[in-house]
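Here is the structure we will look at, set down as structure tokens.
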Amino acid sequence: MSLEKEFEKFIAAYPAYATTEKLDTLRASDYSRLDRLGHVYLDYTGGGLYAESQIAKHQQLLQNNVFGNPHSSNPTSMAASALVDSARAYVLEFFNADPVEYELIFTPNASGALKLVGESYPFNEQSRYTLAFDNHNSVNGLREFAHARGAEVTYIPVNLPELRLPEELLRNTLKEANPEGNNLFSFPAQSNFSGIQHPLSWIEEAKALGWDVLLDAAAFVPTNKLDLSRIAPDFVVLSFYKIFGYPTFLCA
Ligand SMILES: Cc1ncc(COP(=O)(O)O)c(C=O)c1O
């Protein structure tokens, strides 16, 4: 029997298989290099794969325009500024982030975005910095900015074997915000180390108890919708190349 006939029989026996046909089409049109080079790509928190159409569109954009250094009033410079402005507006729209509430800052990586928060957050001797044990190392790095300015640093450990944060301990710690100081609480929407997704409701709870909240959404947004009209962390870090792979060194 021919392969086509076998396939028809297979689809008749397993009709659900046909519902993912779009993925096969996409794989053939935009990711054919996977099959051509014999790859199965499973890592989906460290680096998303770019689509071939993305590369083609970017090449067309560069070939059909002249972009100068932004921030000047000559036509090529203004074209570059307009492109950056529209990208910034589109990203805010994609995450349902009100431009009155949120400012989007492009950074070379998520660690660079976290460094901006660490450098600018007004830690002082009355401050508390509370963070989840399963944060990425670059979130741990903020602890040094906190220590350097005399803030108290508290880690919330993870429970074994579930690798979740003990909620009672978390709530008790959040009750300890110092009303005299600036208090920062940081956790990953999805841990890059365990894959665990934490409740985003912690954001409102922590804010109500006097904390500013830093949400590391870098591993979450490649496969989940982040809706900043429903949750309102004070700072969000995310990585575009973890979402769509190209260009590298583009985060916010
Ligand atoms: C949750 C999370 N936060 C931060 C980072 C750091 O990202 P970058 O390599 O862009 O600095 C990563 C990278 O894997 C991550 O998964």
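One-based numbering, in listed order, for ligands and for the atoms of each. For clarity, every value in this text was computed on a predicted model and none was experimentally measured. We're numbering straight along the sequence, starting at 1.
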* To do: Could you list which atoms of ligand 1 come closer than 4.0 Å to a heavy atom of Asn109?
  => 8 (P), 10 (O), 11 (O)
* Asked: Charged N to carboxylate O below 4.0 Å: is that the case for Asp24 and Arg27?
  -> no
* Asked: Relative to ligand 1, is Asp216 under 4.0 angstrom through side chain, backbone, both or neither, heavy atoms considered?
  -> side chain
* So, does Phe220 sit close enough to ligand 1 that a heavy atom of it is under 4.0 Å from the ligand? -> no
* Applying a 4.0 Å heavy-atom criterion (strictly less than), which segment of Ser111 is in contact with ligand 1: side chain, backbone, both, or neither? -> both
* To do: Evaluate the criterion side-chain contact (heavy atoms from CB on, under 4.5 Å) for residue pair Leu215 and Phe187; output intermediate values, then yes/no.
  => CA-CA 6 Å; Leu215 182 71; Phe187 71 98; 3.7 Å; yes
* Report, in ascending order of atom number, the atoms of ligand 1 lying under 4.0 Å from any heavy atom of Ala219. => 1 (C), 16 (O)
* To do: Ignoring angles and geometry beyond distance, decide whether Asn192 reaches within less than 3.5 Å of ligand 1 through its nitrogen or oxygen atoms.
  => no
* Side chains of Ser32 and Asp35, donor plus acceptor under 3.5 Å -> no
* Within-cut-off N or O pair, Ala110 and ligand 1, under 3.5 Å -> yes
* Asked: What is the distance from atom NZ of Lys175 to atom CD of Glu205, rounded to the nearest 0.5 Å?
  -> 9.5 Å
* **Side-chain touch Gln59/Leu62, heavy atoms, less than 4.5 angstrom** => no
* Where ligand 1 meets Tyr241 - atom numbers and elements under 4.0 angstrom, heavy-atom basis -> 8 (P), 9 (O), 10 (O)
* Structure fact -> Nearest heavy-atom contact between Asp134 and Leu165 is OD1-CD2, 4.2 Å
